[in-house]
Every structure is written in structure tokens, then in C-alpha cells.
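Written below as C-alpha cells is the structure these notes are about.
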Amino acid sequence: MIGSAILLVVAITLLIGARGVAAMRTTSDFLVASRRISPTLNAAAVSGEYLSAASFLGVAGLVVKDGIGALWYPVGFTAGYVAMLALVAAPMRRTGALTVPDFAEARLGSRRLRTLSAVVVLVIATLYLVPQFRAAGQVLRVVSGTPYWVGVVVAGAAVAVTLALGGMRAATYVQAFQFVLKLALFVGPAIWLVATVGPTVRAAALEPVEFTRFAHETPVQFRFGTTLTVTEPTTVVDGGAPRQLVPGEYPVEAGTTWTFPTGADVPDVGGSLPPGGDAWTRPLLDTDGGGHPVLSTLSLLMALVLGTMGLPHIIVRFHTSPDGRSARRTAAITVALLSAFYLFPVVYGTLGAVLVPELYLSGDTDTVVVALPQRVDDGPMGVAVTAMLSAGAFAAFLATSLGLLLALSSAVAHDLLPGAGLRRLRLAPLAGAVVIVALALPAVNIDVGVLVTAAFAVAAATFCPLLVLGIWWPRLTAPGAVAGVVVGLLASVGAIGVDLFLGAPEGLAASLLGQPALWTVPLAFAVMVGVSLRGRPPAWAAAATLRLHLDEATT
Amino acid sequence: MSRKGPKRIAVASPQTRLAMARRSAVRAEAPHLGRADLERARRIRRVQLRAALTALALLTVVVVGLPLLLAALPELDAVRVAGVRVSWLAVAVLPYGGLVAIAVVQLRRAERIERDHGEPR
């Protein structure tokens with residue numbers, strides 16, 4: 001049932017893609033499709049491409065794990081389009097550049113900067129793709145019970161097949177359809193859940209109590225190894241055999257299931273708060289438990305707001321608008337469409353904290369959206385709603401992954417290895433999919449939201465200053481841009497790498513490394529401006545900047 | 001079956017077109033702008049920059065002001081509207097209204113600037 005719902009989504013997507021291609025054979029049809037696309041349709045396409053597994057699954061999971069403060073994620077995801085509308089949408093469209101590497105060469109005339117930008121595209125796309133594959137693997141595992149790696153490989157194969165058959169991204173209609181599909185598959189189940197859970201759960205969701213005791217006998221499946229700190233003697237059932245736990249630390253191996261009895265004390269897990277506690281209900285985000293919630297929240301928002309304009313799969317979408325003015329309108333309508341979608345993750349998050357709080361013990365919070373329906377209704381309706389949500393999550397994964405994979409392979413095939421033939425262009429996405437699958441396999445215990453935020457942080461510290469200064473500041477020079485992008489890239493990748501691989505230090509440093517945008521973005525801007533001021537821009541730079549602000553109709 | 005349509009040409013997705021066009025990469029060249037156009041562009045840029053900075057200031061009120069306000073006033077956690085904490089509404093619902101409003105205002109303003117500074121014909 002659930003598997004067939006996912007297959008149905010893939011099939012419908014392919015069908016619409018194929019129809020779209022078949023319908024657009026003549027020049028005029030093509031022009032209608034690509035040049036006269038209305039801003040509303042294009043905005044739906046942008047939103048369809050943008051709403052990834054991180055939005056569909058990740059935000060609700062982060063609410064269960066980190067608390068109400070995680071709702072700043074979708075605010076940042078949406079606010080990014082306001083910044084895009086104000087600063088880059090129209091001028092960027094007028095450059096005629098489809099990608100940031102194109103923009104770099106068109107505006108500053110530097111091949112070096114183009115290559116560097118392609119490397120940045122590679123970094124952003126990889127950081128964004130790995131969590132998508134991970135989420136797809138997890139959804140398939142939850143709904144079908146297969147091991148994680150099978151899910152990831154199946155997801156990779158689905159992307160490869162869709163790419164090989166082509167068509168998927170050919171039509172704006174496909175992405176617009178994806179948006180409507182995702183909206184329906186997210187909002188419908190949310191309303192059903194709220195209506196079905198009953199008044200007691202609704203009240204409990206609004207007034208959460210800290211998750212300290214198991215309300216009923218609860219099996220907890222540990223898919224990742226972890227360490228539990230037991231503070232009260234408890235008897236759990238470990239694989240059929242009762243086991244007495246005295247207070248102390250217990251390592252739990254991946255793949256085991258512990259069943260806790262009703263009323264048992266909930267053990268502590270390192271590094272996260274139990275859902276429903278006082279800190280959990282505060283509307284600020286304390287990442288990594290650094291103890292600086294205001295700083296973490298502001299830094300996250302800075303990364304999301306300024307990083308959106310640098311996402312490679314989104315920029316190319318704006319090119320479908322006929323001119324700067326409709327690109328601007330597209331950005332504005334996108335704000336409204338995303339706002340409608342993002343009113344709903346809070347439903348899954350707050351209900352999840354009440355109904356499936358044990359997911360926080362096993363680190364499986366990303367699956368809260370697909371776990372909820374069957375907790376509410378164990379009949380066919382529960383299965384049907386799970387199927388709808390899994391299909392939506394898979395649609396989200398597909399749309400974003402295909403866009404990113406194409407951006408990534410275009411960067412490799414044309415900016416990094418110029419002179420490549422069409423064959424290499426066809427092979428690049430497949431090779432990319434293999435690499436991403438290989439990276440997603442060991443990434444099993446990193447939250448979807450964390451890596452996606454890292455992608456935004458890199459974009460905000462590299463492409464944001466490049467685009468904003470390139471569009472508004474005639475004195476920007478190529479060496480200045482190169483220096484700024486290099487510093488921004490090294491600083492943000494370095495901070496994220498230290499945080500992920502070496503483990504976060506305590507206190508303030510944890511917040512600054514976990515959410516580095518607050519210092520990396522100003523640093524990149526400062527370096528770009530400082531180095532540019534020491535050089536001289538070419539004579540045509542002023543005209544090249546000014547041209548971007550002239551309405552096409554009047555030039 | 002001798003329907004005469006427009007000339008058939010190869011059609012590809014934006015990515016493929018981009019990829020195929022890349023060989024003859026975008027060349028940076030001096031744009032051809034007359035003196036009058038340059039002057040006009042300079043004026044538009046200045047006014048548009050002011051509009052964009054206003055929109056960014058309003059955006060800052062939402063994405064910086066609101067978190068700071070919620071941090072400064074923990075009492076808001078206890079105030080309830082229709083049974084929901086005000087501090088929850090302030091992050092789950094309120095920002096979206098603000099963002100849509102800023103987007104609409106900025107869009108109108110930017111388009112008005114382009115109309116007002118258009119070439120007199």
C-alpha cells in the first residue's frame with residue numbers, strides 16, 4: 001500500500017514530465033512554456049523545487065528534538081525569498097546568467113572566479129543532497145522495514161532512473177505540480193490528525209508536560225547505537241528477555257529494541273532535551289546545547305535568509321521568467337506559497353512531542369511525520385494517511401534531489417572539466433548519485449536539518465556577498481570577489497567540519513561553530529570589500545552594474 | 001497530413017540548453033549604454049537601493065527583532081490567546097503575515113520605481 005503510493009508519485013511525475021516534453025515541440029510552444037510562464041506558475045515551480053525532505057520531514061522532527069524554537073527554520077526558509085526579492089531577483093535575471101559561475105564570469109570577467117564558484121556549487125549541492133538521500137532512506141525503512149542502506153540505494157536508483165528517462169525537469173509544470181501535490185499531502189493529513197486525535201491530545205499538545213515517564217508500555221527501536229543514562233531502577237524487555245537496569249550509563253547497540261513498562265522513568269540521552277520541558281517550550285533554538293539560544297537563533301536565521309539566494313537549483317528556476325520584473329514577482333509569490341505550507345509543520349511537531357516522544361530516545365525524530373498516523377489510528381485509515389505522507393516525502397526528496405544533482409553535474413561537467421562532451425554530461429548525474437549515496441550511508445545519525453543548514457551557511461558566506469556586491473557595488477573587483485569567496489568557504493566549511501567530526505566544544509564556541517553564519521557572513525563581506533578597495537575595477541564595471549537595474553522594456 | 005507548422009527545432013530543458021551553450025561561455029563585455037541611459041540607470045539604482053534597504057530593515061524587524069523580543073519577554077510564554085501561548089504564535093504564525101506583507105510592499109515599490117523612471121516616449 002505505502003510502497004505503491006510512492007511508486008504512484010514517481011509514475012505521475014514521470015508521466016507529467018513526458019507529457020510536458022511531448023507537448024512542447026515547436027518553437028512557439030517552447031517560447032510559451034519558457035518565456036511566457038506566468039509568475040504564479042513559476043513561483044509554484046520554485047516552491048515545488050525548494051520544499052525538500054528537510055521541510056517535509058525535518059522541521060517537525062527538529063521540533064520534537066529541539067523544541068518550539070525549531071520553528072524558526074521555516075521562517076528563515078521563507079524570509080530568504082524576501083531578501084532575494086529585494087536584492088537579487090530582477091538584476092540577476094537581467095544578467096542572463098543561469099548559475100552563479102555564469103554570473104561570476106559575466107559580471108567580473110574572471111575564469112578563476114568561475115571555477116571557484118563551481119567548487120562552491122559542488123560543496124553546497126553535496127551538503128544539501130546527502131540529507132535528502134538520508135531522509136528518503138529513512139522513510140523507506142520506516143514504512144517497509146528494510147535496512148537503512150537498502151532505502152538509500154533504492155532512493156539513489158529512483159533518482160538515477162528518473163534522470164535517465166529524462167523529462168522530469170523539462171517542464172515547469174512538473175515542479176508546479178510537485179508543489180500542489182506536496183501541499184495537499186502535507187495539509188490534508190495534518191487536518192485529519194488534528195480532527196482524529198481527540199480533545200485530550202489536542203489539549204496536551206498545546207500544554208506539553210515534560211516527557212519523564214512512559215505513559216504506556218513503549219517499545220523503543222534503537223536504529224543507531226547510543227548511550228542512555230538511567231536514573232531510577234527500571235525493568236525493560238530487551239529482545240524478549242526482561243532486564244533489570246540499575247541507575248547508571250548503558251550503551252545501547254544499534255538494532256536493538258527495548259520495551260519500557262508503563263510509568264517507567266525516561267532515561268536521559270546525551271545532548272538533547274526531553275520533549276515538553278520548560279526549555280523545549282521556549283520559542284528560541286538552542287543548538288548543540290550551547291546555552292546561547294538567542295545567538296544560535298539569530299545565526300541560524302542569518303544563514304537561512306542570506307543563503308537562499310545562493311542555492312544553485314533555485315537560481316536556475318528564476319531564469320524561466322521572461323524578464324527581471326516577472327522574476328521579482330515570482331519571488332514575491334513564492335513567499336506567499338511557502339508561508340501557506342510552513343503553517344503546518346508545527347502541527348506534526350507538537351502532536352509528535354505528545355504522541356511519539358520516545359523517538360527522541362532513539363534519535364529517530366526525522367520520522368515523526370510518517371510515524372504519527374498509525375499511532376492515532378491503527379486501522380486502514382492510519383495506513384492510508386501514512387502512505388500519503390510517505391508519498392509526499394518522497395516527492396519532496398525527488399524534486400529537490402533532481403534539481404540539485406543537475407546543478408552539481410553541470411558544475412562538474414562544464415565549469416570544472418570544460419570541453420566535456422554530451423556523453424560526459426549524461427554520465428555526470430549518475431556518477432554524482434553514486435557519490436552521494438556513498439556519502440549518505442555513513443551519515444545515518446546526522447539530522448536532516450543540520451546538514452541542510454550547513455548548506456545554507458556555506459551559500460550565505462560565499463554566494464550572498466558575491467551576488468549582492470556584484471549587483472549593487474560597481475567597485476567590486478575579481479580579486480576581491482575571489483578572496484571573499486575563499487575566506488567565506490574556508491571559514492564556514494571549517495566551522496561545520498570541526499563541529500561534525502571533532503565534536504563541538506562547550507558553551508559559546510559550540511554555538512559559533514554549530515551556527516557559524518553570524519560571523520562568517522560579515523567576514524566574507526569585509527574581505528570582499530577590503531580587497532576590492534585596494535584594487536581598481538575595470539572601466540566597464542560601472543556600466544555592467546548599472547545595466548542590471550534598467551527595466552528591459554525601456555532599454 | 002501536410003500540416004504546416006512553425007519550423008521544428010530541437011528543444012531541451014533549461015539545464016541541457018545551458019550546458020550546451022556553456023561551450024561558448026558568457027563573455028564579459030562592455031555593455032552598450034548611451035549617456036542618457038547611464039544617467040537614468042544611475043538614478044534608478046539609487047532609488048531601488050533605498051527601497052531594497054527599507055525592505056531589508058523591515059525583514060530585520062521580523063527575523064532579528066522578534067527573537068530578541070521573545071528572549072527579553074519570557075512572560076509571553078504564559079499569556080494565551082484562544083488557549084495557545086502567545087510566544088508560540090509569535091514564531092509559528094505571526095512571521096508569515098509579516099513576510100508576505102513586506103514582500104507585497106517591496107514588489108509594489110520596486111515596480112513603481114521602474115514605471116516612474118521609465119523612458120519618456
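In what follows, every chain begins at residue 1, and chains take the letters A, B, ... in the order their sequences are listed. What you are looking at is a predicted structure, and each value in this text was computed from that prediction instead of being measured.
Applying the ring pair (Phe, Tyr, Trp, His ring centres under 6.0 Å) test to B:Tyr96 and every residue at least two apart in sequence or in another chain returns nothing.
Of all heavy-atom pairs between A:Trp472 and B:Arg45, the closest is O-NH2, 2.6 Å. B:Arg85 and A:Pro208 get closest at one heavy-atom pair: NH2-CD, 3.9 Å. A:Pro283 and B:Val91 get closest at one heavy-atom pair: CB-CG1, 3.7 Å.
Heavy-atom distances place no part of A:Ala104 under 4.5 Å from chain B, backbone and side chain included. In this structure, the portion of A:Leu284 lying under 4.5 Å from any heavy atom of chain B is its side chain and not its backbone. Only the side chain of B:Ala55 has a heavy atom closer than 4.5 Å to any heavy atom of chain A. Both the backbone and the side chain of B:Leu49 come within contact range of chain A, with heavy atoms under 4.5 Å apart. For B:Arg80, the part sitting under 4.5 Å from any heavy atom of chain A is the side chain, from C-beta outward, and nothing else.
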side-chain contact (heavy atoms from CB on, under 4.5 Å) assessment of A:His549 paired with B:Arg46: CA-CA 10 Å; A:His549 299 281; B:Arg46 199 176 315 123; over 6 Å; no
Working for side-chain contact (heavy atoms from CB on, under 4.5 Å), residues B:Glu111 and A:Arg329: CA-CA 9 Å; B:Glu111 293 196 343; A:Arg329 287 194 171 178; 2.7 Å; yes
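Contact tally against chain B (heavy-atom pairs below 4.5 Å) for A:Leu301, A:Val75, A:Leu85: the top residue is A:Val75. Counting heavy-atom pairs closer than 4.5 Å to chain B, the top residue among A:Ala331, A:Gly349, A:Ala332 is A:Ala332. Ranking B:Ala51, B:Gly97, B:Ala110 against chain A, the residue ahead of the rest is B:Ala110, based on heavy-atom pairs under 4.5 Å. Counting heavy-atom pairs under 4.5 Å between each of A:Pro74, A:Ala336, A:Gly76 and chain B puts A:Pro74 at the top. When each of A:Val346, A:Val305, A:Thr334, A:Thr78 is scored by its heavy-atom pairs under 4.5 Å with chain B, the top score falls to A:Thr78.
A 4.5 Å side-chain heavy-atom check between B:Gln106 and A:Arg328 finds every atom pair outside the cut-off.
With a 6.0 Å radius and a threshold of 12 heavy atoms from other residues, nucleotides or ligands, B:Arg42 has its CZ atom above the threshold.
Heavy-atom neighbours of chain A within the stretch residues 58-68 of chain B, taken at a separation under 4.5 angstrom, comprise B:Leu59, B:Val62, B:Val63, B:Val64, B:Leu66, B:Pro67, B:Leu68.
With respect to B:Val100, the side-chain contact (heavy atoms from CB on, under 4.5 Å) criterion is satisfied by exactly one of A:Val82, A:Leu338, A:Val335, A:Ile333: A:Val335.
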